[in-house]
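In what follows, chains carry the letters A, B, and so on, assigned in the order in which the sequence lines appear, proteins first and then strands, with residues in each chain numbered from 1.
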Amino acid sequence: MTSKYDHTRVEKKWQEKWEKSKLFNPNLKEAENPFYNLWMFPYPSAEGLHAGHAFASTGSDVFGRFMRMQGRDVFQPIGYDSFGIHSENYAIKIGENPHEVVKRTTKHYEEQMRSFGHGYDWQHTVTTSSSDYYKWTQWLFLKMWEADLAYKKNATVNFCPSCKTVLADEQVMTPAQAGKEPKNASGEVVENVGELKVCERCGTIVEKKDLDQWFFKITKYADRLLSGLKKIDWSERVVTAQRNWIGKSEGMLIKFEIDGGGEIEVFTTRPDTLNAVTFIVTSDEALYNEENPEKIGEFTGKYALDPLSGKKLPIWKTNYIAPGYGTGNVMGVPAHDERDMEFAKKYHLDIVEKEPDEKLWKLIEEKGWGKRHTNYHLRDWLVSRQRYWGAPIPMIDCPKDGWVAVPEKDLPVLLPDIKDYQPEGTGKGPLANHKEFYETTCPKCGGKATRETDVMDTFVDSAWYFLRYPSVGDDNQAFDPAITKKWLPVNLYFGGAEHSVLHLMYARFVTMVLHDLKLINFDEPFPKFFAHGLMIKDGAKMSKSRGNVVNPDEYVAKFGADAMRMYLMFMGPMDGYPDFRDTGIEGMERFINRLWNIFNNKPELKDKSVVYSKLHQTIKKVTDDISNFKYNTAIASIMELVNVIQEEGMDEAVLKNLCLILTPFIPHFAEEVWVEVLGGKFSVHRESWPKYDAKLIKVDQVTIVIQVNGRVRGQILVGSGVANQEKQIMALAEKDGKVSKWLEGGKIRKVIFVPGKLLNFVV
RNA sequence: GCCGAGGUGGUGGAAUGGUAGACACACGGGCCUUAAGAGCCCGCGAAGCUUAUACUUCGUGCGAGUUCGAGUCUCGCCCUCGGCACCA
């Protein structure tokens, strides 16, 4: 008898029951065994969640459900990164107020996530664009200001002519990294952009502008951001990306006297090559041009004096020295640096061949010519944006008192609902057109003053959201100290590797600052971070232009959330680039139907030993594999078990265990089977994860592989009692027809025996 | 150039130094069916040999090495992907 499993009815039924029974709402104050399971919150886009989101979020949800069955009080919140350019650009595109757009898109996201069957605590969601959240983002800014980690200064910054705002260094990348076609300011696609970089969001080639901007002093934490990487358990590629981005270089600052007065200081990582220096180069903004790989220079007419030899070293202005790194001056050592060599040849400068001398490090220090110094690639974090859709920076400019922070009691500085929210690209944000917003009084002297009209980068919003979740609803503080102490740091953070140097570094920085302000008792927010991979479709990256974007809703409707979930987890390793195929999910639908028939028809148990051995092997394997995020092999081993059950039958205990190990992957199906078929108590999600019994794993008969000179020549089946007896196995093997012919004419020199597995004759 | 991760059937992918290709998808054949679908059974790396069962050889990017035994370890290359980069 076969009957079809009705996923639509079953999934809806249990989703409602779970919601009503508060299965996913742990008691945040009293939970005894907290486990904070977090997936990076998405920004709500118009298209809705795509299949990549479904893949990643399911990976996180499976682990959460697994931990719940391990007896943990799992807190699994979700929210929306709804402030910022991404949401605003879309609102502008469709000519609708961003407030309205966000309301609609977040609602759609919630429906989708509920339909996937994820166990989120919907009572603790966060929407970064709502004032009860951004009030505390502004509070965070005030903390930065108090700690002397926020400052405004004029700087040469990256400016996106399309988004009409400045960008942080981390938001500027090559077109390939951004995954965008490079465009010019008019929005036309440009073919050959050379070394030019583009805006992370829209792919437009960025410009350089000198503007007054707000920064967070992340460079002060460069060394801690680097050393902290050693104590956290993160995917290696993410650690490497962050290490590269921070870019530590240890070297020396060396001062050269200038002939005729003054001095010039260089930074070098190779003081041991000071004996081969022949010129000094200094960066020049006018000559500097990232597009031009050709080195050009101008002699300044001045000479520096080589402290070692006293020789005169010509000082040249060049385009090949990056301004703003080190001192902007470099000693030219053509013998040990290809770039210096190229420059020296072009302008006929001296080339001195001399072996590097390690003793120079010490000598330079002793003589007082220079001192040890560490440089970082990391720059301060530019947080102001000349846009509308962000948290207003809570600062007031007073003609008398200078920059004054908005007092905490006056937060939030509300973002007014205005009609002209489009950016203008004048270097000022839309709020600068609204007197009613910026005209205010100085909190210090009470005189007339103006508010800052820039808003904060969206990455400030997301740099602390994980702290807010457990304290959602608390109007008096950003996060409750007792609850924070109980739930943080996050036990498992699940997310994409594309945030390696953006969100993940900013969040670490903010956490370190709050720790140093004694507001929290940990300085790494995510001791364990798992970087999931990217899903592809039919062998190609998903994209609208290819027309191969997988819409998860269609698949959930057609095959059910469970089939979708289990297929997504079965496609390949969680950190790889698994390929989604329509035929694959059809196969998973068939597998779930097979399961349904097994649970309902209960084929009678034939060989208890074989089935129980397989069952306990499988429990062990699934437990280990889920713990290591190897969901694909966990599911494969469950399939093997099912194949054995179909052959050998099963009993009630086998069925119950099978149901339990299926629960994290196909939660609705498992609940239906547990309650309606096996007569268990609601809910299967509150049941304990099964334990395997090592004694039962043992089988009656064992296959021993027989090798001759390391090549497989036969196999013999022996009772498990004999499997570890070398002599007996050897005797059996020598008698074996297949093996004996390979032993003829040779003398056995040595026998290698692996108990229970293998016997190898060396002849 | 530097740092990191990889390279296994038609495809996705499995393999604590111990039977390479688990588990699936696709494909081929068969049963069932008026038919389709679903379901069930069999085959499925390549070559050789055989009526057949079996057997043999080759095979994890390329070339060496260690080992009784290498996809796995070592050395040298090639290629792919990711990060950093005129950063001194």
Side-chain angles (χ1 to χ4, degrees), chain A residues 2 4 173-174 176-177 195 235-249 251 266-271 273 281 283 288 290 292-295 318-333 336-340 342-343 375-377 497-498 500-501 531 533-534 536 538-539 567 570-573 575-588 590-591 593-594 597 630 632-643 646 703-715 738 741 749-754 757-763:
Chain A
T2 57
K4 232 179 150 177
M173 46 190 71
T174 64
Q177 289 167 328
E195 302 288 309
S235 303
E236 190 54 40
R237 56 185 167 145
V238 179
V239 170
T240 308
Q242 261 194 36
R243 198 183 295 123
N244 285 343
W245 184 260
I246 296 166
K248 183 178 186 170
S249 298
V266 304
F267 174 71
T268 180
T269 54
R270 296 296 305 278
T273 64
V281 271
S283 73
Y288 190 71
E290 281 171 290
N292 187 5
E294 169 84 25
K295 292 179 179 47
T318 74
N319 68 330
Y320 80 94
I321 301 301
Y325 182 79
T327 60
N329 309 312
V330 171
M331 62 182 201
V333 188
H336 299 294
D337 188 287
E338 278 177 37
R339 296 154 303 184
D340 293 344
E342 193 187 327
F343 190 73
N375 238 326
Y376 296 92
H377 165 261
E498 69 274 18
S500 301
V501 294
L534 288 178
I536 57 176
D538 297 325
Y567 177 58
F570 180 64
M571 286 191 300
D575 54 358
Y577 292 78
D579 193 356
F580 190 100
R581 308 250 166 180
D582 288 359
T583 52
I585 191 168
E586 284 164 20
M588 193 54 80
R590 284 199 294 271
F591 178 69
N593 268 316
R594 265 174 75 197
N597 289 328
K630 289 163 77 175
N632 57 330
T633 49
I635 294 167
S637 72
I638 294 176
M639 288 174 168
E640 284 184 54
L641 171 65
V642 169
N643 289 340
Q646 268 190 332
T703 305
I704 307 285
V705 172
I706 309 299
Q707 297 184 330
V708 178
N709 288 337
R711 308 202 55 151
V712 180
R713 297 302 181 189
Q715 37 188 271
K738 286 182 204 163
K741 75 177 185 192
R749 283 197 295 133
K750 201 172 156 189
V751 176
I752 285 137
F753 182 63
V754 182
K757 265 199 168 157
L758 168 141
L759 186 88
N760 184 16
F761 293 100
V762 185
V763 299

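No contact: A:Asn375 has no heavy atom under 4.0 Å from any strand. Among the atoms of the strands shown, only primed sugar atoms or phosphate atoms (P, OP1, OP2) are found under 4.0 Å from some heavy atom of A:Glu640. Using a 4.0 Å heavy-atom criterion, one finds that A:Arg749 contacts no nucleic acid atom at all. At the heavy-atom level, A:Ala241 lies under 4.0 Å from the strands shown only through sugar-phosphate atoms. Contacts of A:Arg594 with the nucleic acid, taken as non-hydrogen atoms under 4.0 Å apart, involve only primed sugar atoms and P, OP1 or OP2. Backbone-only engagement by A:Lys630 is indicated by non-hydrogen atom pairs under 4.0 Å involving sugar-phosphate atoms exclusively. At a threshold of 4.0 angstrom between heavy atoms, the contacts of A:Asn632 are confined to the sugar-phosphate backbone, with no base atom among them. Counting non-hydrogen atoms under 4.0 angstrom, A:Val712 reaches the backbone sugars and phosphates but no base. As judged by a 4.0 angstrom heavy-atom cut-off over every strand, A:Phe591 is placed among residues making no nucleic acid contact. The residue A:Gly247 sits apart from the nucleic acid: no heavy atom pair falls under 4.0 Å. Within the nucleic acid shown, A:Asp337 has no heavy atom closer than 4.0 Å to any nucleic acid atom.
Rounded to whole Å, atom P of B:C27 lies 12 Å from atom CZ of A:Arg581. In this structure, CG of A:Leu641 is placed 15 Å from C1' of B:A22, rounded to the nearest angstrom. Rounded to an integer number of Å, the gap from CD1 of A:Ile638 to C1' of B:A22 is 15 Å. As a whole-Å value, the separation of A:Lys248 NZ from B:C2 C1' is 17 Å. Atom pair A:Met588:CE and B:A26:P shows a separation of 12 Å (rounding to whole Å applied). At whole-Å resolution of the value, CG in A:Asp340 and P in B:C86 are 15 Å apart. With rounding to whole Å, A:Asp575 atom CG is found 13 Å from B:G13 atom C1'. In this entry the distance linking CG of A:Asn643 with C1' of B:C41 reads 13 Å, nearest Å.
Here the closest heavy-atom approach between residue A:Asn632 and residue A:Pro573 is recorded as ND2-N, 3.5 Å. Here the closest non-hydrogen pair linking A:Thr703 and A:Gln715 is CG2-OE1, 3.7 Å. The heavy-atom pair separating A:Val238 from A:Ala531 by the smallest distance is CG2-CB, 3.8 Å. Minimum interatomic distance between A:Met571 and A:Pro578 (heavy atoms only, all atoms of both residues): CB-CB, 3.6 Å.
Distance alone, capped at 3.5 Å, is enough to place a donor-acceptor pair between the A:Asp340 side chain and the A:Val333 backbone. Under a 3.5 Å cut-off, the side chain of A:Thr269 and the backbone N or O of A:Ser249 do not form any donor-acceptor pair.
Distances shorter than 4.0 Å separate none of the side-chain N or O atoms of A:Asn597 from OP1 or OP2 on B:A38. Residue A:Arg711 has a polar side-chain atom (N or O) positioned under 4.0 Å from OP1 or OP2 of B:C58. Between A:Tyr577 and the phosphate of B:C81, there is no side-chain N or O to OP1/OP2 separation shorter than 4.0 Å. Regarding contacts with the backbone of B:C68, a side-chain N or O of A:Lys750 is found under 4.0 angstrom from either OP1 or OP2. At least one side-chain nitrogen or oxygen of A:Arg713 sits closer than 4.0 Å to the OP1 or OP2 atom of B:U56. Taking 4.0 angstrom as the limit, A:Ser249 places a side-chain polar atom (N or O) nearer than this to OP1 or OP2 of B:A88. A:Arg590 has no side-chain polar atom (N or O) that falls below the 4.0 Å cut-off from OP1 or OP2 of B:A24.
Side-chain atoms of A:Leu758 lie closest to B:G18 of the nucleotides B:G18, B:C25, B:A24. In this structure, of B:C3, B:C23, B:U19, it is B:U19 that holds the atom nearest to the side chain of A:Thr703. When the nucleotides B:A24, B:G18, B:C86 are ranked by their closest atom to the side chain of A:Met639, B:A24 comes out on top. Side-chain proximity of A:Val754 to the nucleotides B:A88, B:G13, B:G18 is greatest for B:G18. The nucleotide whose nearest atom lies closest to any side-chain atom of A:Phe570 is, among B:A22, B:C86, B:G12, B:G12.
Nucleotides B:U16 and B:C25 place their P atoms 24 Å apart, quoted to the nearest Å. The separation of B:G83 from B:U72, taken at their P atoms, amounts to 28 Å, rounded to a whole angstrom. Between B:C31 and B:G13, the two P atoms lie 36 Å apart (nearest whole Å). Spacing between B:C84 and B:G10 at atom P, rounded to whole Å, works out to 36 Å. The gap from the P atom of B:A24 to that of B:U74 amounts to 34 Å, rounded to the nearest Å. A gap of 34 Å separates the C1' atoms of B:G4 and B:U19, to the nearest Å. Separating the C1' atom of B:G37 from that of B:C44 is a span of 25 Å, rounded to the nearest Å. Comparing the same atom, C1', in B:A22 and in B:U60 gives a spacing of 15 Å after rounding to whole Å.
Nearer to the 5' terminus of RNA chain B, by closest-nucleotide assignment, is the contact made by A:Arg237 (compared with the other of A:Arg237 and A:Asn329). Toward the 5′ end of RNA chain B lies the nearest nucleotide of A:Gly576, the other residue of the pair A:Gly576 and A:Asn760 mapping further downstream.
Partner assigned to B:C62 is B:G76, using Watson-Crick or G-U wobble distances below 3.5 angstrom. Pairing for B:C2 is with B:G83, a Watson-Crick or G-U wobble pair whose two hydrogen-bonding atom distances lie under 3.5 Å. Remark: B:G39 base-pairs with B:C31. Criterion, Watson-Crick or G-U wobble with two distances under 3.5 Å. The nucleotide B:A52 finds no pairing partner, because no Watson-Crick or G-U wobble arrangement with both distances shorter than 3.5 Å includes it. In this structure, B:A20 makes no Watson-Crick or G-U wobble pair, since no nucleotide meets both defining distances under 3.5 angstrom. Of all nucleotides present, only B:U57 satisfies the Watson-Crick or G-U wobble test against B:A46, with each distance under 3.5 Å. Pairing partner, B:A88: none, since no Watson-Crick or wobble contact has both distances short of 3.5 Å.
With a 6.0 Å cutoff to the six-membered ring centre and a 45° limit on the axis angle, A:Lys295 counts as a cation-pi contact of A:Tyr320.
In textbook terms, a nucleotide whose glycosidic angle is within 90° of 0 is syn, while B:G69, being further out, is anti.
Partner of A:Val330 under the side-chain contact (heavy atoms from CB on, under 4.5 Å) criterion, chosen from A:Asp337, A:Val281, A:Thr318: A:Val281.
Put simply, the side chain of A:Gln707 and the base of B:G18 share a donor and an acceptor less than 3.5 Å apart. Side-chain to base pairing of A:Asn244 with B:G83: one donor and one acceptor N or O lie within less than 3.5 Å of each other.
For the residue pair A:Arg713 / A:Asn760, no side-chain donor-acceptor distance below 3.5 Å is found, with atom types taken as modelled.
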Working note: A:Glu586 + A:Arg581, criterion side-chain contact (heavy atoms from CB on, under 4.5 Å); need CA distance, chi angles, decisive distance, verdict.
CA-CA 9 Å; A:Glu586 284 164 20; A:Arg581 308 250 166 180; over 6 Å; no
